[in-house]
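Lettering of chains follows the sequences in order, A, B, ..., and the numbering in each one begins at 1.
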2 protein chains.
Amino acid sequence: MPKPVLWFTLYCLAEMGAYGRGIQISTTSLAEKLELSQQSASRHLIELEHLGLIERHITARGELIQITNKGVEELRRVHLGLNTVLEKPTPTFLTFEGEVFSGLGEGAYYISLRGYRRQIVKKLGFDPYLGTLNLKLTSKIDIQTRKELDVYLGIVLEGFENETRSYGPAKCFKALINNAVEGAVVTAFRTHYDESVLEVIAPVYLRTRLNLKDGDKVQVKVFILRSPEFSA
Amino acid sequence: MPKPVLWFTLYCLAEMGAYGRGIQISTTSLAEKLELSQQSASRHLIELEHLGLIERHITARGELIQITNKGVEELRRVHLGLNTVLEKPTPTFLTFEGEVFSGLGEGAYYISLRGYRRQIVKKLGFDPYLGTLNLKLTSKIDIQTRKELDVYLGIVLEGFENETRSYGPAKCFKALINNAVEGAVVTAFRTHYDESVLEVIAPVYLRTRLNLKDGDKVQVKVFILRSPEFSA
DNA sequence: ATTACTAATCATCGAGTAA
DNA sequence: TTTACTCGATGATTAGTAA
């Protein structure tokens, strides 16, 4: 979590449209909105950039500011917290629809590692098929929803290291694929690769079990744990 | 708007349950959550109390903290802002159901004042019947929703003064009563009386027009202006 | 215009401690 | 145990100004 003052500046930027389309603004006008000096606005932007929460392109007449995925995550975290506090119903599951595509087989590699595999058996309750089903999310709303996963509590697979290298932690959610097979969705922890992809694992080979080929549509129901995580 | 640091402390308190039931907590344990010193936690609580955002009852072993309506409003304001930013659909109207009851006739008094009446004609487009229909909200969800009105933009009736005294500003929302009559809901601006009451005005005498007597249920559809207000 | 440096100012914080 | 004071240290903000 960034410091409250910085979070607030980030929030202000978002209100002005820096999420998505991005905005062009001068530090002076930002300062007015924040009720701070031009110098402080400038410093805040520098610090937010260093934290990786915004991207900037400084031009002659102001700067182009865009909130990064990491930045949106910080906003989303508080949003979820407020949802809970203000008694907005928190979903118990999220549904996605994606198209099957072939990855490069890294999924299979990671799952085959004993460090991960043993945790999957223990924490998810099944011995995974050694491969992942990659789903490309196409609708805008699904991609949007996908990002919400980042701030929900999931089942954590701890990072570990073997002789060769070290492996980071990952976050899983139990899931139901095509309303038929129980499995899980796996997301790397705090690594922002492609936000429009869902990686699914299951105890069985999903392609044969569900008779899938590239381009087929698949529905996934992802189960959320109650409260949003709240930590740095 | 309180300072960002204080807002954040307020938010933390809310997360711990200080909204609604209230919490018993020591400044030391609060300090841990905030990652601040006990002294700072203490100071924050003092300041929040001075701002009227929380109420405290200090006991031998910690203090009882309760977030006030004003405090919740501050949280709600940011929540709504985040809704907009994160592209959650903002409602265009809110619906309520309440029971008719007889007030003390102050409604009629206020509306009869030229200072308000002229603004109603001009800004709401009708000449109001000189009285209000009081609705008591009974369901918890309606009372909850009623509070949301505080942070939405409405049509503002400016305050004024006459020979006798001065009158504060009020906020209105156009409304549809029982899906039949067009009128408006009036809320005093930043005065927190009874949060479970809705005051309705209309160009006609609603009790005869809709054939209402005390205790009858009435549906009200309240129309919201686009964006939430964002100011002190 | 801009952004952002340095230096001076001012607010906030935490240590120590009283009640 | 508590809360919350004083006060010196820390850190954030603004003024002035360079680029």
* Name the nucleic acid region contacted by A/Leu6, choosing base, sugar-phosphate or nothing; use a 4.0 angstrom heavy-atom cut-off, strictly under. => nothing
* Asked: Would one find a side-chain N or O of B/Ser37 under 4.0 angstrom from OP1 or OP2 of C/dC13?
  -> no
* To do: Indicate whether OP1 or OP2 belonging to C/dT12 is found under 4.0 Å from a side-chain N or O atom of B/Lys3.
  => yes
* Can you tell me if A/Lys123 uses its side chain to pair, donor with acceptor, with the backbone of A/Val156 under 3.5 Å? -> yes
* **Distance in angstrom units between B/Glu47 CD and D/dC5 P, rounded** => 11 Å
* **Given D/dA15, D/dT3, C/dC13, the nucleotide with the shortest approach to the side chain of B/Arg43** => C/dC13
* **NZ or CZ of B/Arg165 within 45° of B/Tyr167 ring axis and under 6.0 Å** => yes
* Asked: Can you check whether B/His44 has a side-chain N or O nearer than 4.0 Å to OP1 or OP2 of C/dT12?
  -> no
* Asked: Does the side chain of B/Gln38 pick up a donor-acceptor pair with the side chain of B/Thr27 at under 3.5 Å?
  -> yes
* Asked: When the distance from CG of B/Leu30 to C1' of C/dC13 is rounded to whole Å, what number comes out?
  -> 15 Å
* Structure fact -> From NE2 of B/His50 across to C1' of D/dA4 the rounded distance in Å is 12 Å
* Select one nucleotide: of D/dA4, D/dT2, C/dC5, the one nearest the side-chain heavy atoms of A/Gln39. => C/dC5
* Which one is paired to C/dT17, where only Watson-Crick or G-U wobble pairs with both distances under 3.5 angstrom count? -> D/dA4
* Reckon A/Leu36 touches a base, only the sugar-phosphate, or nothing at all at heavy-atom distances under 4.0 Å? -> sugar-phosphate
* Would you say the side chains of A/Thr132 and A/Glu199 form a donor-acceptor pair under 3.5 Å? -> yes
* To do: Specify the separation, in whole Å, of atom CD of B/Glu32 and atom C1' of D/dT2.
  => 15 Å
* **D/dA4 phosphate, OP1 or OP2, under 4.0 Å from B/Arg56 side-chain N/O** => yes
* Asked: Taking atom P of C/dT3 as reference, at what distance in whole Å does atom CD1 of A/Ile54 sit?
  -> 12 Å
* Return the orientation label for the B/Tyr11 and B/Phe8 ring planes: parallel under 30°, perpendicular over 60°, tilted otherwise. => tilted
* Hey, does A/Ser42 reach any base, or is it just sugar-phosphate, or nothing, if we go heavy atoms under 4.0 Å? -> base
* In whole Å, what is the span from the CG atom of B/Leu64 to the P atom of D/dT2? -> 14 Å
* Asked: To the nearest angstrom, how far is A/Ile25 atom CD1 from C/dT2 atom P?
  -> 11 Å
* To do: Report which part of the nucleic acid A/Glu63 touches: base, sugar-phosphate, or nothing (heavy-atom distance under 4.0 Å, all strands).
  => sugar-phosphate
* Is it the case that A/Lys174 places NZ or CZ above or below the six-membered ring of A/Phe223, under 6.0 angstrom from the centre and within 45 degrees of the axis? -> no
* **Nucleotide nearest A/Gln38 when distance is taken to its side chain, options C/dA4, D/dA4, C/dC13** => C/dA4
* To do: For A/Ile46 and D/dT14, give me the distance from atom CD1 to atom P, rounded to whole Å.
  => 14 Å
* Looking at every strand, decide which applies to A/Ser40 at a 4.0 Å heavy-atom threshold: base, sugar-phosphate, or nothing. => base
